[in-house]
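Small disclaimer: the values here were computed from a predicted structure and weren't measured. Naming: A, B, ... by sequence-line order, numbering from 1 per chain.
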Amino acid sequence: MTPRQKRFSLIGLGLVALGIAAALVLNAFQSNLVFFFTPTQVANGEVPKGQSFRIGGMVEAGTLQRENDGLTVHFVMSDTVKRVPVTYKGILPDLFKEGKGAVAQGKLSPEGTFVASEVLAKHDENYMPPEAAEAMAKAKAAGKQSSNTLVVTP
Amino acid sequence: MKWGSLSEFLAMGGYGFYVWVSFGTTALCMVWEVLSLRRRGAMALRIESSEEGINHG
Amino acid sequence: MSDSRVTWSKYSSLQALYPLAGRLIPWCAGAAVLFMAAGLYLGFFVAPTDFQQGEAYRIIFVHVPAAWMSMFLYVMMALWAGLGLGLKARPSFMMAQAIAPTGAIFTFLALLTGALWGKPTWGAWWVWDARLTSELILLFLYLGVMLLHASIDDLRRADRASALFALVGVVNVPIIYFSVRWWNTLHQGASVSMTAAPKMAATMLTAMLLMAIGFWLYSMAVILMRLRCVILERNSQPRWNQSAVEPGVKEIRA
């Protein structure tokens, strides 16, 4: 092997080792890299107890209710398998809608209601004109998943 | 044309601030990068030619 | 100079690289302006409103090309750095040095336009999700490469050390790219990928791709400009002038 080939194989080996190390580290910290938990994970008790965490999923259609104060809202977060009721007092982002994705930060109350201190809208990766969206909505059977990143299958 | 008027275009459906700051900063960064590189190039050429005067002249 | 005798080893020498870069710059810059103008026209006047985000989605036309370039340029920088380490070739190190600032600028722009897009759509300027955090790490990696190079006086050691740093940091690029698939993030998934049909209306996609090509051509132009600066600056350094290859200034100023 010439010195040049030696140097290149050394660089290559170094990169492979680095890649493996990175994969192991990321795998070890898997749970910390997750931005939110799904309702299924909440139901299975995989969430930090007594601590603030984030929950993400679809805002189930027809569940959004506003209280008379105009600020407090109730809705149900769903990942099509499990459902978690959420209470939030505050202003919702523009894109927060029923049937769309959302991420809420807060704590689980003893009764199983998620009390949120912050609600973020999670939009999907589809971009199209409103007319196309309407046509698609008509064509598609109701309740079908429009995004593949909103709900993570374990 | 999808925009009725200039003000409608600038308003961007209420998101004008976010849209125009994004595009504006990007344009500024690009213009700044090109101008600063031109200056750097001219400076390097000046130093180069002055050194040529000392070393080879 | 007859073109038929041009070989790679000839281009690796700096006296050929300097005028070649000079000739390429106006073409790249001109094409970049044309592509960006076409992309902006299509993006603002032809592409329709988005069904869920309204006009705010138009930030995608700078955000995605900037983010793509931030990752692409890092890989390019690491490639030239690795080539420089393997071949002990000075021009490769110079390429890596020329790429870093442009990559850092695009990373900054991707983060900034992302914040300006996140606020009206998600409801937050910034969240610590895997995609945003790994892109922020990319900015620090670029800055690290540049600072390391600037802080070492001996040019050969500066080249080698920053090249090694750049190579180590390259693991972050696949993490950025796949973060939206590996972990659940607030950031949405990829609209355009190799494996699936684009999840965008055709005119939106065309506008975004035109902007991306424009950004790529712009990067070529400014990187070549910076390469010429780096060649000249290093040529002026005394220790460099003592080396075997010494292009006279009259020859290289084509």
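Looking at every heavy atom in both residues, C:I99 comes nearest to C:L73 through CG2-O, 3.5 Å. Heavy atoms only, all atoms of each residue included: A:L92 and A:V119 are closest at CD2-CG1, 3.9 Å. Considering all non-hydrogen atoms of both residues, C:V127 and A:F35 come closest at CB-CZ, 3.5 Å.
The interface of residues 60-72 of chain C with chain A, defined by heavy-atom distances below 4.5 Å, comprises C:I60. Of residues 81-90 of chain A, no residue lies under 4.5 Å from chain C by any heavy-atom pair.
Separating the CG atom in A:D94 from the CD atom in C:Q52 is a distance of 12.5 Å, to the nearest 0.5 Å. One finds the CE atom of C:M95 at 12.0 Å from the CE atom of C:M77 (value rounded to the nearest 0.5 Å). A distance of 12.5 Å separates CG in C:D159 from CG in C:L164, rounded to the nearest 0.5 Å.
When the ring pair (Phe, Tyr, Trp, His ring centres under 6.0 Å) test is applied to C:F140, no partner is found at least two apart in sequence or on another chain.
Side-chain contact check for C:Y74 versus C:N172: every heavy-atom pair is 4.5 Å or farther apart. Within the 4.5 Å cutoff, the side chain of C:L83 has no heavy atoms near those of the C:L79 side chain. Side-chain atoms of C:M204 and C:L42, non-hydrogen and from C-beta on, never get closer than 4.5 Å to each other. With contacts defined as side-chain heavy-atom distances shorter than 4.5 Å, the pair A:M58/A:T80 does not qualify.
For chain C, the option among A:K6, A:R7, A:K97 with the highest count of heavy-atom pairs below 4.5 Å is A:R7. Looking only at heavy-atom pairs under 4.5 Å with chain C, the residue among A:F8, A:F96, A:F37 that has the most is A:F8. Listed options C:S191, C:A201, C:G123, C:A202 were ranked by heavy-atom pairs under 4.5 angstrom with chain A; first place goes to C:S191. The candidate from C:L186, C:T49, C:L205 with the greatest count of non-hydrogen atom pairs under 4.5 Å with chain A is C:L186.
Interface residue A:L18: backbone and side-chain heavy atoms are both found under 4.5 Å from chain C. Within the 4.5 angstrom heavy-atom criterion, only side-chain atoms of C:I175, from C-beta onward, approach chain A. For C:V168, the parts lying under 4.5 angstrom from a heavy atom of chain A are both the backbone and the side chain. Both the backbone and the side chain of C:K88 come within contact range of chain A, judged by heavy atoms closer than 4.5 Å.
For A:L71, the CG atom sits in a packed shell: over 12 heavy atoms of surrounding residues, nucleotides or ligands are nearer than 6.0 Å.
Within the structure, side-chain hydrogen bond (donor to acceptor under 3.5 Å, both in side chains) contacts touching residues 122-134 of chain C (residues at least two apart or in different chains) are C:R131-C:S179.
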